[in-house]
Number of protein chains: 2
Amino acid sequence: MSSRVNATAASILGLLTRKPMSGWELHAAFESSIGQFWSITRSQIYREIRTLAAGGLIEVGATGPRERRVCTITSPGCETFRSWIAAMPGDELIRFPLLLTTFFGDVVPRESLRDACTEHRDRHAERLAAYEGQLAVVAAEAPFAALTLEFGIAYERTVLAWFGGLPWMAPG
Amino acid sequence: MSSRVNATAASILGLLTRKPMSGWELHAAFESSIGQFWSITRSQIYREIRTLAAGGLIEVGATGPRERRVCTITSPGCETFRSWIAAMPGDELIRFPLLLTTFFGDVVPRESLRDACTEHRDRHAERLAAYEGQLAVVAAEAPFAALTLEFGIAYERTVLAWFGGLPWMAPG
DNA sequence: ACCGACATGTAATTCGTTACATGATTGC
DNA sequence: GCAATCATGTAACGAATTACATGTCGGT
């Protein structure tokens, strides 16, 4: 019968198919895997937990230390996830404020432009390094997760190359 | 004095610094320029128009055919935009449902996986072609907008290359 | 036995999406 | 002069962010 859920809830179900987790752990699991391309805040997770529990798609365990409650997926939950994940995914949604800065670049002080690009270039370089450091292990242990990681690496390289081509960024 | 506005409102102000537009035209202007990397829905535009008008940052003209009302930026509006655009931009936010499909690929029917990737690859190929077709004109007429376009082209190429490397996608 | 960092969750607010309504134009 | 499409906007709903509150552990 498989209830209808939104994408956020469905992705939570997906993680819970692997093992029971608390809200905090779910958040950490997103952050350390697909979080960069599937952004979710902690509050959203807690909200969806309530909804999923109300719909019987997960079960919330007893309260542990610091109000910790572990969520376990139920079989209707599994069923719902399976049918959701097999459906055609929607288009990606991107909001990239730095591109507004460059798009409106003609009215941005030159220094702000350079600062913004330098700062963001550095952040992307850090992410790229982090991704590259994980690749070997992830590829060995979780081939499907490695695809996301490969996407991340390709994406970060592209962004860095783009920064490098900006006229106000020093070459080299 | 420059009021505080959110990023959506600020980007609307940005477009209005160039010329007065109705809500519909603003939407079209986003779509045909930075829309892919700065997603905004029409309804948001109308809401922000109300807020911006209430704050005196824009002025809404008389009603034309089909309730059309042209918005004109005021000098406080310009001031607000200038100070907003000079500030450090936030990180990009991405929600890419297809990456969930691959991330959870081990429980996705092989056919769904192939269908989803094929469909999305085609969409990206179309976008790339469209971008490439625009580049010459945009580069000549609007160098800063061309940077966004170059980003778009690099991004689409990266996505397409990633699709090409997926084990279940036919090579060539 | 205190302080700081980590872990956990909720509530209020803002933002974004979907569904709707309707008025002009255009093409037949 | 009707149907289809384009242009315009609103309202209701659902999703996401921010700000908050609090509890627990680990070190000193």
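Residue numbering restarts at 1 for every chain, and letters A, B, ... go by the order of the sequence lines.
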If the cut-off is 4.0 Å, is [X] near the phosphate of [N], judged by side-chain N/O to OP1 or OP2?
{"X": "B/Arg69", "N": "D/dT8", "value": "no"}
{"X": "B/Asn6", "N": "C/dC15", "value": "yes"}
{"X": "B/Thr8", "N": "C/dG16", "value": "yes"}

**Given B/Trp38, B/Phe37, B/Phe151, the one that forms ring pair (Phe, Tyr, Trp, His ring centres under 6.0 Å) with A/Phe96** =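 With A/Phe96 as partner, ring pair (Phe, Tyr, Trp, His ring centres under 6.0 Å) holds for just one option, B/Phe151.
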Take atom [atom1] of [X] and atom [atom2] of [N], then tell me their distance rounded to the nearest Å.
{"X": "A/Glu67", "N": "C/dT8", "atom1": "CD", "atom2": "P", "answer": "11 Å"}
{"X": "A/Trp38", "N": "D/dA15", "atom1": "CH2", "atom2": "P", "answer": "11 Å"}
{"X": "B/Arg4", "N": "C/dC15", "atom1": "CZ", "atom2": "P", "answer": "12 Å"}
{"X": "B/Ile40", "N": "C/dT17", "atom1": "CD1", "atom2": "P", "answer": "10 Å"}
{"X": "B/Trp24", "N": "C/dA24", "atom1": "CH2", "atom2": "P", "answer": "15 Å"}
{"X": "A/Arg68", "N": "C/dG9", "atom1": "CZ", "atom2": "P", "answer": "8 Å"}
{"X": "A/His27", "N": "D/dT17", "atom1": "NE2", "atom2": "P", "answer": "10 Å"}
{"X": "A/Leu93", "N": "D/dA16", "atom1": "CG", "atom2": "C1'", "answer": "12 Å"}

**Spacing of OG belonging to A/Ser11 relative to CD belonging to A/Gln44, to within rounding of 0.5 Å** =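 Those atoms lie 8.5 Å apart.
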**Nearest to side-chain heavy atoms of B/Arg95, which nucleotide of D/dA16, C/dT8, D/dT8** = D/dA16
**Message:** Side chain of A/Ser22, heavy atoms from C-beta onward: which of D/dA7, C/dT8, C/dT10 has the nearest atom to it?
**Reply:** C/dT8
**Asked** Near DNA chain D, under 4.0 Å by heavy atom, which residues of residues 42-60 of chain B?
**Response** B/Arg42, B/Ser43, B/Tyr46, B/Arg50
**Asked** Charged N to carboxylate O under 4.0 angstrom, B/Glu25 versus B/Arg68?
**Response** yes
**Message:** Between A/Arg157 and A/Glu132 (salt bridge meaning N to carboxylate O under 4.0 Å), is one present in this structure?
**Reply:**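 Judged by the 4.0 Å cut-off on N to carboxylate O distance, A/Arg157 and A/Glu132 do form a salt bridge.
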**Aromatic ring pairing B/Phe163/B/His124, orientation class (parallel under 30°, perpendicular over 60°, tilted between)** =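 It falls in the tilted class, 30° to 60°.
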**Message:** Checking the side chain of A/Thr74 only, and the main-chain atoms of A/Gly77 only, is there a donor and an acceptor separated by less than 3.5 Å?
**Reply:**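 Yes: the side chain of A/Thr74 pairs with the backbone of A/Gly77.
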**Asked** Any side-chain heavy atom of A/Arg127 within less than 4.5 Å of one from B/Asp91?
**Response**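 Yes, close enough: below the 4.5 Å cut-off.
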